[in-house]
K.L.:
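A single structure is presented below for examination.
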Amino acid sequence: MPRYDPKRIEKKWQDFWEQNKTFAVPALPRGEKLYVLDMFPYPSGDGLHVGHPEGYTATDITCRYHRMRGKTVLHPMGWDAFGLPAEQHAIKTGTHPRETTYKNIGTFRRQLKMLGFSYDWDREISTTDPEYFRWTQWIFLQLFDTWYDADLVWTDHHGRQHVGKGRPIAELPIPSDVAASGAEAVRRYQDAHRLAYQTEAPVNWCPALGTVLANEEVIDGKSERGNHPVVRIPLRQWMLRITCYADRLLSDLDVVNWPESIKQLQRNWIGRSEGAEVDFYVGAPGLPTVTKTTLDSDQSRQFAAWKSARASAGFPKAQTEDCLRIYTTRPDTLFGATYMVLAPEHPYVDRLTTATQKAQVDAYRQQASFKSDLDRTDLAKDKTGVFTGSYAVNPVNGAPVPVWIADYVLISYGTGAIMAVPAHDLRDWEFAVKFQLPIIPVVQPPAGYEPSAEELAQSRQVDGRTETPFAGEGTAMGSGPYDGLGTREFKQRITSELTTQGMGRKAVNFRLRDWLFSRQHFWGEPFPIWHELDAEGNPTGLMRTDADHELPVTLPAMTHFKPHGRPEPPLAEAPQDWLFKTAADGTRLARETNTMPQWAGSCWYYLRFIDPRNGTAFVDRAKEQAWMPVDLYIGGAEHAVLHLLYSRFWHKVLFDRGHVSGDEPFNRLVNQGMILGEAELTGYQFADGGTEPGWVSARQVRNDVDTATQRPVHAARLTAEQVVKKGNDFVLAADHQIVVESRAFKMSKSRGNVINPDLVVQEYGADSLRLYEMFMGPLEAVKPWSMSGVEGVSRFLARVWRTISDEAVEEIRLHPAVQDVPPSADQVRLLHKTIQAVTRDVENLSFNTAISRMMEFVNAVAGQDVRPRSILEPFVLLLSPFAPHLAEEAWQLLGHTQSLAYEPWPQFDPAVLVESEAELAVQINGKVRGKIKIPAAAEQSVAEQAARADAKIAEQLAGKTVIKIVYVAGRLLSFVVK
RNA sequence: GCCGGAGUGGCGGAAUGGCAGACGCACCGGAUUCAAAAUCCGGCGACCCUGACAGGUCAUGUGGGUUCGACUCCCACCUCCGGCACCA
């Protein structure tokens, strides 16, 4: 029987680990701790994907290695189990999402256990368990109870100083006028400052489906399912004030050990920009607006009065009604502002629209309201806009400039209004050219400046001259007293002068928006929030929270999941006793019916793993302090931005409120690369038959059309035999003119290239799957699957088995070559080199090269007639993190009665590694011309002598002058000759 | 367009500035076998030269540069992948 039999071995050891709780983790670490975390999966109905075990194996190897190094390792697993697919399944079949979810979890759990990961399964959690989401709701209440004090200065435990911190809402200073207006005014004031707040936000409402759709379910304004029209309607939504934390989320990226590329993605997403806010005078409300390019005497007086009032009172915190507040990163171009643009949704549009322009403006605004942001950016290649009829006064030169509305200005960024400087902004330039607005250059490009491709693309001809926009930095001109200043200096100067005059101030803006935190779904966490109702049963806008001891707020018992046909969430159909109650003071209350998005549960699960069964706190303080932060976090790059940003945000809020001990949750982050399907060879043939239904070169195919003839083509799978390599391309063997496509694609059901881990394990075993996924290439690289590659590593494991066990007999026993004899010097050196390399590679997560080293070891040892036990045992330990089942079995066969999971990791002795003799490459002018063997520690003179004694070298050196010799001990000797 | 990342044999990949292609796959040859599977041994970048032994030249996307020496460092460009995309 003694063939390598993964089925028997793997089942045996998985049962052993489970029964002996081999990987159970103590509540608090003993000695040095290590917290290694996988991004927990969404348990989809398709079961495990081969992409999952990639990261999971990498973390498992790391964990097993560090346990053997004596660390206490926390390595948990759980389920991110709320989500849309289960709900859609419920709509289709009537099956409760909970049922679907728990069935899928069962499949995932079985599959993960089948792969032999050393999780502490006693810590398993699911975001859908009431005992889990009880604390998700509790954290939401913390957000609800927090306001952001942007001015608070504090010092963190590293001694770094920060500005801005979340504080209890009870500590929010209440302005005296608010306090004077009574308790309700105070409550509303507080509500307006909480980190969790409500707003009206547009949702994708699909009347035909009778439900609200997520952005990814809408394609070109139609529903993904059924292709029905989707409209955007405003709905009351919950938002989280993540923008308050933008600066800290940005600057703290500097202290975490993450790939630079991921940090860059987050930086771009946060999108910090520095500039100035500037107020443009439009006249107090009620007064007629400026409608000409010059001010009349009344208006001049009013403008002068406004200026002097500002000069004494300073720049108001909030925008006042007599001016338009704009944000610009280029305050140095104020003198070149020739018009203003408001977002169509800007609150001042009505006020500034004159009677003659009203029809046009209204039509434009209505049109814009139908477009999603995506449509606005995608379709708006051509700029559109409408003049309001009014003018605003430029504070630096008193010039009135026309105010337009256009959808290229977004209401959600900055102040929703801009000053347009067409000469120095490409978007403004395009708009100005289209609507024939004046263009005034105020920045002189540096000498020798060559316009960029973008700038050139926008250039226009005026009176036979070419005019080109210039968006870079240069020297000021046409800017009165500022002429001659460099852009940077100008910005500083004018910003501080505007500040003294009360007409502007320095400002920072972020691309990051507040987080839309509610969904109109059933299968999510309910909010622990009640809305107060008035006597008519209408919401007053005031809220109450569930008390901590009333959590969790569980989902109501519902039996049908078909959309009810109104935009309100499905929970609006919940039973009355779930929806309503009367408070002790007699106030009628209605429950919040939105649910939280899927992100909520995954924002803090790493904390719950530390203390998963705690019934009195989301995590015990001492345990949190002992285990956090996560030392290594591995997962897919698709979560590079949102999940990681949202988690960091929640963690910082919890930190500010004193619930966790550090302000960053994940110290080291690694993204595993995607695993693609097997490489495919694809040729293209004319699809329309025609007279010659021949092949088309892949080069000239675009979107299934031959670009040369415009005839449609279709893809045809080719076998390796039909194709040959020619130059850099693959071509048809039958016709070398026809280039064939060779690439691997993302695995997908529709392409039919999905690899099922169950089948791989069935055929080759879990150890082979684990080993193959690590051997494919660097963890972080994208790489194609190859079934014969699995076969390769499986052969290696079988070879390991044969090296140790005797296959010639029926029972399982040691191979006779395995003997208790002292190893040879070569064997010892090989072992220690292997230990050194594997240890270094595991530390660096270079698992592919570690496996190569172990293969080399086995290739050398397997052929030997005597295989000393003293070199095989350390080798089995080296292999054990990678192929734990086989290693345990071999360990037992070698006579051990305990699991090897906590055996000390083998050490190497540097003294053993020293080779007595070294082979030296001898170079002449950088080319290797010969090799010599000399003592490893030889002096240069010895090496030189040996090299000159070599016949070939001597021949090469004959008649030449040696001008330099470079000697790298043990590696090479290089002659530079003339 | 902008921001990242990557281009090395037929394929996956390896190489602190120091012998390019470790290790694996595929393929070819041999051993074993009645035969096959499995296993074991050997070969395997391209081109030139040779009867053979040996040897030579060119090769890490392209073109330059630094260096005694470059896959590795610098500059420019090309291609592919990922992200963002009117953010003032």
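If you're wondering where the values come from, they're calculated on a predicted model, not measured in any experiment. Per chain, numbering begins at 1; letters A, B, ... match sequence-line order.
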K.L.:
To the nearest Å, give me how far apart CG (A:N844) and P (B:A15) are.
P.N.:
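A:N844 atom CG is separated from B:A15 atom P by 10 Å.
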K.L.:
Roughly how many Å apart are B:C23 and B:A37, using the P atom of each and rounding to a whole number?
P.N.:
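Those two atoms are separated by 25 Å.
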K.L.:
Looking across every strand, which nucleic acid part, if any, lies under 4.0 Å from A:V928 by heavy atom: base, sugar-phosphate, or nothing?
P.N.:
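Sugar-phosphate contact only - A:V928 comes under 4.0 Å of backbone atoms but never of a base.
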K.L.:
Would you mind reading off the distance between A:F857 atom CZ and B:C23 atom C1', rounded to a whole angstrom?
P.N.:
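The answer, rounded to whole Å, is 16 Å.
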K.L.:
Would you classify B:G55 as syn or anti? Syn applies when the glycosidic angle is within 90° of 0.
P.N.:
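The base of B:G55 is oriented anti (glycosidic angle more than 90° from 0).
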K.L.:
Can you measure from CH2 (A:W269) to CZ (A:R511) and round to the nearest 0.5 angstrom?
P.N.:
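It is 5.0 Å, given to the nearest 0.5 Å.
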K.L.:
How long is the straight-line distance from CD of A:E54 back to CG of A:L769, given to the nearest 0.5 Å?
P.N.:
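Taking CG in A:L769 and CD in A:E54, the distance rounds to 10.5 Å.
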K.L.:
Describe the nucleic acid contact of A:T849 in one word from base, sugar-phosphate, nothing, applying a heavy-atom distance below 4.0 Å.
P.N.:
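Result for A:T849 = sugar-phosphate.
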K.L.:
As an exercise, state the distance from CG of A:D425 to CZ of A:F431, rounded to the nearest 0.5 Å.
P.N.:
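The distance works out to 12.0 Å.
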K.L.:
I want to verify a distance call: between B:C81, B:G13, B:C68, whose nearest atom is closest to the A:K783 side chain?
P.N.:
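So the nucleotide nearest the side chain must be B:G13.
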K.L.:
Quick one: does NZ or CZ of A:K383 land under 6.0 Å from the six-membered ring centre of A:Y408, within 45 degrees of the ring axis?
P.N.:
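The answer is yes; both the distance and angle limits are met.
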K.L.:
Select one nucleotide: of B:A88, B:C19, B:C84, the one nearest the side-chain heavy atoms of A:R511.
P.N.:
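In terms of side-chain proximity for A:R511, the closest of B:A88, B:C19, B:C84 is B:C84.
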K.L.:
Expressed as a whole number of angstroms, how long is the span from A:I963:CD1 to B:U67:P?
P.N.:
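Rounded to whole Å, this separation is 13 Å.
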K.L.:
Considering all heavy atoms of both residues, which atom of A:F470 and which atom of A:H424 are nearest to each other, and what is their separation?
P.N.:
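Closest approach of A:F470 to A:H424: O-ND1, 2.9 Å.
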K.L.:
Quick check for you: among B:G18, B:C3, B:A88, whose closest atom lies nearest to any side-chain atom of A:N268?
P.N.:
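Ranking B:G18, B:C3, B:A88 by closest atom to the A:N268 side chain puts B:C3 first.
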K.L.:
Could you grab the distance from atom CZ of A:F975 to atom CD of A:Q923, nearest 0.5 Å is fine?
P.N.:
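Here the interatomic distance stands at 11.0 Å.
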K.L.:
What's A:N859 touching, base or sugar-phosphate or nothing? Going by heavy atoms closer than 4.0 Å.
P.N.:
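A:N859: backbone/sugar contact only, no base atoms under 4.0 Å.
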K.L.:
Go through B:A22, B:C68, B:A88 for me and flag the one nearest to the A:S852 side chain.
P.N.:
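For A:S852, the side-chain atoms sit closest to B:A22.
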K.L.:
Quickly work out the A:L334 CG to B:A88 P distance and round it to whole Å.
P.N.:
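Rounded to whole Å, this separation is 16 Å.
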K.L.:
In this structure, how many angstroms lie between the C1' atom of B:A14 and the CZ atom of A:F775, rounded?
P.N.:
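The distance from CZ of A:F775 to C1' of B:A14 comes to 10 Å, rounded to the nearest Å.
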K.L.:
Once you measure the plane-to-plane angle for A:F490 and A:F335, does it fall in the parallel (<30°), tilted (30-60°) or perpendicular (>60°) bin?
P.N.:
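Judged by the thresholds at 30° and 60°, the geometry between A:F490 and A:F335 is tilted.
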K.L.:
Taking the C1' atom in each of B:U67 and B:G13, what is the distance between them to the nearest angstrom?
P.N.:
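That atom pair is separated by 29 Å.
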K.L.:
Quick one: label A:N509 by what it contacts on the DNA or RNA (base, sugar-phosphate, nothing), any heavy atom closer than 4.0 Å.
P.N.:
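It contacts nothing in the nucleic acid.
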K.L.:
How far, in whole Å, is B:G10 from B:A6 if one measures between their P atoms?
P.N.:
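About 23 Å, rounded to a whole number of Å.
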K.L.:
Taking any heavy-atom pair under 4.0 Å as a contact, classify A:R929: base, sugar-phosphate, or nothing.
P.N.:
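Sugar-phosphate, no base atom in range.
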K.L.:
So if I take every side-chain heavy atom of A:P778 and compare against B:A38, B:A88, B:G13, which nucleotide ends up nearest?
P.N.:
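The closest nucleotide is B:G13.
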K.L.:
With RNA chain B as reference, determine whether A:V976 or A:D425 sits nearer its 5' end, using the nearest nucleotide of each.
P.N.:
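Its nucleotide being nearer the 5' end, the pick is A:V976.
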K.L.:
Could you tell me whether the phosphate oxygens of B:C40, OP1 or OP2, come under 4.0 Å of any side-chain nitrogen or oxygen in A:R802?
P.N.:
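It does, given that an N or O in the side chain of A:R802 lies less than 4.0 Å from OP1 or OP2 of B:C40.
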K.L.:
Base, sugar-phosphate alone, or nothing: which one does A:S273 contact when heavy atoms must sit under 4.0 Å apart?
P.N.:
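Sugar-phosphate only.
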K.L.:
Rounded to whole angstrom units, what separation is found between the CG atom of A:D865 and the P atom of B:C40?
P.N.:
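Spelled out: CG on A:D865 to P on B:C40 is 14 Å.
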K.L.:
Between B:A15 and B:G29, how far is it from one P atom to the other, in whole Å?
P.N.:
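Looking at atom P only, B:A15 and B:G29 are 33 Å apart.
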K.L.:
May I ask you to say what A:E856 touches in the nucleic acid, namely base, sugar-phosphate or nothing, with a heavy-atom cut-off under 4.0 Å?
P.N.:
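It contacts sugar-phosphate atoms only.
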K.L.:
Rounded to whole angstroms, how far apart are CG on A:L771 and C1' on B:C23?
P.N.:
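Spelled out: CG on A:L771 to C1' on B:C23 is 12 Å.
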K.L.:
Could you please name the option among B:G13, B:C3, B:C40 that lies closest to any side-chain atom of A:N848?
P.N.:
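Comparing B:G13, B:C3, B:C40 against the side chain of A:N848, the answer is B:G13.
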K.L.:
What is the nucleic acid contact for A:G792, judged by heavy atoms within less than 4.0 Å: base, sugar-phosphate only, or nothing?
P.N.:
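If one applies the 4.0 Å heavy-atom cut-off, A:G792 turns out to touch the sugar-phosphate alone, with no base involved.
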K.L.:
Kindly indicate whether the side chain of A:H815, heavy atoms from C-beta on, has any atom under 4.5 Å from the side chain of A:E807.
P.N.:
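Answer no - side chains too far apart.
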K.L.:
How far, in whole Å, is B:G5 from B:G55 if one measures between their P atoms?
P.N.:
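The answer is 43 Å between these two P atoms.
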K.L.:
With a non-hydrogen cut-off below 4.0 angstrom, is A:R853 in contact with a base, only sugar-phosphate, or nothing?
P.N.:
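Nothing, no nucleic acid heavy atom in range.
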K.L.:
Within the pair A:R799 and B:C40, is there a side-chain N or O less than 4.0 Å away from OP1 or OP2?
P.N.:
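Yes, such a contact exists.
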K.L.:
Using the ring of each side chain (for Trp, its six-membered ring), is A:W404 parallel, tilted or perpendicular to A:Y339, with breaks at 30° and 60°?
P.N.:
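A:W404 and A:Y339: perpendicular rings.
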K.L.:
For Watson-Crick and G-U wobble pairs within 3.5 Å on both distances, what is RNA chain B written in dot-bracket notation, | included for inter-strand pairing?
P.N.:
(((((((..(((.....[....))).(((((.......))))).((((......))))..(((((..]....))))))))))))....
K.L.:
Could you work out the separation of B:C84 and B:G12 based on their C1' atoms and round it to a whole Å?
P.N.:
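Looking at atom C1' only, B:C84 and B:G12 are 31 Å apart.
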K.L.:
Rounding to an integer number of angstrom, what distance separates B:G24 and B:A14 when you compare their C1' atoms?
P.N.:
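Their C1' atoms lie roughly 11 Å apart.
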K.L.:
Determine the contact category for A:R267: base if any of its heavy atoms lies under 4.0 Å from a base atom, sugar-phosphate if only primed atoms, P, OP1 or OP2 are that close, otherwise nothing.
P.N.:
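No contact.
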K.L.:
Using atom C1' of each nucleotide, how far apart are B:U72 and B:U57 to the nearest Å?
P.N.:
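To the nearest whole Å, 24 Å.
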K.L.:
Can you tell me how far the CD1 atom of A:I270 sits from the CG atom of A:D247, to the nearest 0.5 Å?
P.N.:
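Here the interatomic distance stands at 9.0 Å.
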K.L.:
Classify A:V968 by what it touches in the nucleic acid, base, sugar-phosphate, or nothing, heavy-atom distance under 4.0 Å.
P.N.:
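Answer is base: heavy atoms of A:V968 come under 4.0 Å of a base.
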K.L.:
Regarding A:L972, tell me which of base, sugar-phosphate or nothing describes its non-hydrogen contacts under 4.0 Å with the strands shown.
P.N.:
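If one applies the 4.0 Å heavy-atom cut-off, A:L972 turns out to touch a base.
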K.L.:
Quickly work out the A:E260 CD to B:G82 C1' distance and round it to whole Å.
P.N.:
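Distance, rounded to whole Å: 17 Å.
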K.L.:
Would one find a side-chain N or O of A:Y413 under 4.0 angstrom from OP1 or OP2 of B:A88?
P.N.:
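Yes, within the criterion.
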K.L.:
Cation-pi check for A:W801 against A:R3: NZ or CZ below 6.0 Å from the six-membered ring centre and within 45 degrees of the axis, yes or no?
P.N.:
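Pair A:R3/A:W801 does not count as cation-pi.
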K.L.:
Between A:M674 and A:A862, just flag the one whose closest nucleotide in RNA chain B comes earlier from the 5' side.
P.N.:
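Looking at RNA chain B, the more 5' nearest nucleotide goes with A:A862.
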K.L.:
When you get a sec, tell me which of B:C3, B:C25, B:G12 is the closest nucleotide to the side chain of A:R795?
P.N.:
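Of the options given, the side chain of A:R795 lies nearest B:C25.
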K.L.:
Considering only side-chain heavy atoms of A:F730, which listed nucleotide, B:C11, B:A88, B:G4, is closest?
P.N.:
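Of all the options, the side chain of A:F730 is nearest to B:C11.
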K.L.:
Output the single nucleotide from B:C25, B:G13, B:A88 whose closest atom is nearest the side chain of A:T329.
P.N.:
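The nucleotide sitting nearest to the side chain is B:A88.
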